[in-house]
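Notes follow once the structure below has been shown.
Source: prediction; values computed, not measured. Numbering starts at 1 and runs along the sequence shown.
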Amino acid sequence: MNAVLIALLVLPLLGAALTLAPVFGPDRATADRRALRLNTVVTGAVLLLAVALAAGFDHDEPARMQATTDVSWIPALHVRLHLGVDGISLPLVVLTALLTFLCALYSEKRLPNGETVPSAQAFVGLFLLLEVGMLATFAVLDLLLFFLAFEIVLIPMYFLIARWGSGAKVPAANRFILYTLLGSAVMLLGFLLIGSKAGTFDMQALATAHGSGLSHTTQVIAALAILVGLAVKAPAWPLHSWLPDAHTAAPTVGSVLLAGVLLKMGTYGLVRVLLPVVPDGTTTLAPYLGAFAAVGIVYGSLACLALALPSPTTTLLSKRSAPSDSGSKGDLKRLIAYSSVGHMGFVLLGIASLTPVGVNGALFANIAHGLITGLLFFVVGALKDRYGTADLDTLAGATGAALYGRAPRLGALLAFAAVASLGLPGLAGFWGELLAMFGAFDPAQGLSRPAFVTYMVLAGLGTLLTAAYLLIVVKRVCMGDPEQPAAVAEVADLRRYEAVSWTPLVALTLLAGLWPALLLSLSNPAVKHLLGGG
């Protein structure tokens, strides 16, 4: 199984390197077509390897690190090439492999159009390099390797936004890279402090020590540095401001991977590094993390509600005459980006509770958010392709976009993703938020229960606001009079390649909602192991 995990990382790296070779065809069209096919084949093979890894995983011992490789890499710095997966990282590896394959499949039929795009080969090379970084982040067990994997994803995502995006794509990409690089630099300082004091960067050894050998002051300083760095990527309020612009400008597949995987790298790092390595420092900072999480939940929901409501100062005529990618007020991609701030707030609240219930809820919400928000960005991207805009006022017009009447399958998928996102019982979005609030209701010993109950109440208010803005979106986009003039004369319903790309996300959203033990049976023993000094 360790060979499977190594191949999982090496295969997309080789695919990215292959895109640099002039072997794809004599003309541009042939080369682009073959490059996109290579992208689908490589990411499909990676998904098969991820499924094989999950099938070979010993589900009786999910707390044990499996498929491990541990060899010396840089002896002078005590850095080891240490890889492995457990019940916490395995679902994220599979989710990453699935979303990248679905995005590659989608791109084969719908390659993003940029103003200065050199070729599809460049897109595929960056896409596969992005997959390497995302997978490695969840598989490495050395702090410096984690930092390197964390950084690998930044450059490919920067170019995906800056070259294949739309609207104010370059400023959005610049803000993305600036925020995340600064956050990573602060995180690296925390890693170096831990490594210098403990004498190792090995995450398993540090987790087993569970903070022994590190003074309380060292733990607090290191935990603060790591928390700030990871909170930027999470994203936690108030370090989230790069996210709405990045999502609004990014191409559809960029938004899917940004929300579905890259945000999870931050919250995964909190669970993998903070909880077991610097437990005393984490306990000291947990109340503040919980407070920021609760504010983020309410803030994200209120921002979405403001975007979802009709603009009182802009007429339909002026909205129609505005640039199609302006996103001046109620851009749906921007709205979903702000919803991610709220949803990831639940993840952070569960982690801040420092209880098995809360951390399990956070990990479950991670996976659920990846599935549901990935589907939402796919559907909204399809709407933007059809209408030429994702602006809600333009889409809705005076009576509503009437998507149920004009494109019923597309409307049904949007409504399904919306109700899953608001946490309807029986769908994946329900369990993570519920468990995170349960964790806040009875936090770990040493944490103020009145404070965390207050955070839970604010989170509950956030769920009501979430339902409000998502139902408004469904009403304005899906309902209305199909006989009234629309932004375009006709709207194509669900296309075959869209159905193939999105159906797995629908099925897994249902499966996780109806059978939560599928994920919780993996994460629960591993979480208890980490919290107990694993």
Side-chain angles (χ1 to χ4, degrees), residues 1-16 42-74 79-101 128-150 152-153 200-208 261 264-265 267-269 271-273 275-277 359-360 363-364 366-367 370 508 518-530 534:
M1 296 306 294
N2 59 343
V4 174
L5 184 57
I6 293 173
L8 197 79
L9 302 176
V10 171
L11 186 59
L13 186 61
L14 293 176
V42 171
T43 55
V46 170
L47 177 59
L48 291 177
L49 289 172
V51 172
L53 186 68
F57 188 82
D58 186 353
H59 291 258
D60 293 329
E61 294 185 273
R64 176 174 61 87
M65 202 61 67
Q66 302 180 36
T68 56
T69 297
D70 188 9
V71 296
S72 179
W73 185 38
I74 309 176
V79 178
R80 305 185 65 81
L81 185 62
H82 195 179
L83 308 174
V85 292
D86 63 358
I88 293 173
S89 54
L90 180 64
L92 289 166
V93 169
V94 176
L95 175 68
T96 301
L98 173 66
L99 287 178
T100 49
F101 171 67
L128 292 176
L129 185 60
L130 178 65
E131 182 176 31
V132 173
M134 293 187 299
L135 289 170
T137 300
F138 302 128
V140 298
L141 296 171
D142 183 278
L143 289 179
L144 292 187
L145 284 181
F146 179 86
F147 171 78
L148 289 177
F150 205 83
I152 285 175
V153 305
T200 181
F201 291 100
D202 187 271
M203 293 161 72
Q204 270 196 294
L206 291 168
T208 301
V261 181
K264 313 302 177 289
M265 292 164 56
T267 52
Y268 170 78
V271 174
R272 178 64 72 194
V273 179
L275 297 185
V277 176
V359 177
N360 274 295
L363 294 172
F364 196 102
N366 257 347
I367 302 298
L508 290 173
L518 182 68
L519 292 174
L520 294 175
S521 61
L522 285 174
S523 65
N524 188 44
V527 166
K528 290 181 177 179
H529 189 63
L530 285 184

At what distance, to the nearest 0.5 angstrom, does [atom1] of [X] lie from [atom2] of [Y]?
{"X": "Met65", "Y": "Asp70", "atom1": "CE", "atom2": "CG", "value": "11.0 Å"}
{"X": "Leu8", "Y": "Leu53", "atom1": "CG", "atom2": "CG", "value": "6.5 Å"}
{"X": "Leu143", "Y": "Leu206", "atom1": "CG", "atom2": "CG", "value": "5.5 Å"}
{"X": "Leu49", "Y": "Leu5", "atom1": "CG", "atom2": "CG", "value": "9.5 Å"}
{"X": "Glu131", "Y": "Phe101", "atom1": "CD", "atom2": "CZ", "value": "11.0 Å"}
{"X": "Asn524", "Y": "Asn360", "atom1": "CG", "atom2": "CG", "value": "4.5 Å"}

Inset, instruction - Report the C-alpha separation of Phe138 and Val261 in whole Å, then their side-chain angles, then the decisive distance to 0.1 Å, and conclude whether the side chain to side chain contact (heavy atoms under 4.5 Å, CB included) test is met. - result: CA-CA 10 Å; Phe138 302 128; Val261 181; 4.0 Å; yes
Can you list everything that forms a side chain to side chain contact (heavy atoms under 4.5 Å, CB included) with [X]? Sequence neighbours excluded, please.
{"X": "Leu144", "result": "Val79, Asp142, Leu188, Leu192, Phe201"}
{"X": "Leu81", "result": "Val71, Trp73, Leu145"}
{"X": "Val51", "result": "Leu47"}

Can you check whether [X] reaches [Y] side chain to side chain, under 4.5 Å on heavy atoms?
{"X": "Thr69", "Y": "Ile6", "value": "yes"}
{"X": "Thr137", "Y": "Thr96", "value": "no"}
{"X": "Leu83", "Y": "Val140", "value": "yes"}
{"X": "Asn2", "Y": "Thr68", "value": "no"}
{"X": "Val46", "Y": "Leu135", "value": "yes"}

Nearest heavy atoms of [X] and [Y], plus distance in Å:
{"X": "Ala16", "Y": "Leu129", "answer": "CB-N, 4.0 Å"}
{"X": "Pro62", "Y": "Ser521", "answer": "CG-O, 3.8 Å"}
{"X": "Pro91", "Y": "Gly87", "answer": "CD-O, 3.3 Å"}
{"X": "Leu9", "Y": "Ala136", "answer": "CD2-N, 3.6 Å"}
{"X": "Val94", "Y": "Ala50", "answer": "CG2-O, 4.0 Å"}
{"X": "Phe146", "Y": "Met265", "answer": "CZ-O, 4.3 Å"}

Inset, instruction - Show the numbers, then the answer: is there a side chain to side chain contact (heavy atoms under 4.5 Å, CB included) between Thr43 and Leu128? - result: CA-CA 8 Å; Thr43 55; Leu128 292 176; 3.8 Å; yes
Inset, instruction - Take Met203 and Val277 through the side chain to side chain contact (heavy atoms under 4.5 Å, CB included) test and state the conclusion after the steps. - result: CA-CA 8 Å; Met203 293 161 72; Val277 176; 5.7 Å; no
Inset, instruction - Would you check if the side chain of His59 reaches a backbone N or O of Ala54 as a donor-acceptor pair within less than 3.5 Å? - result: yes
Inset, instruction - Start with the C-alpha gap between Leu363 and Leu519, add the side-chain angles, then the distance that decides, and say whether side chain to side chain contact (heavy atoms under 4.5 Å, CB included) holds. - result: CA-CA 9 Å; Leu363 294 172; Leu519 292 174; over 6 Å; no
Legend entry - Sole residue of Arg272, Gln204, Gln66, His529 in side chain to side chain donor-acceptor pair (under 3.5 Å) with Asp86: Arg272
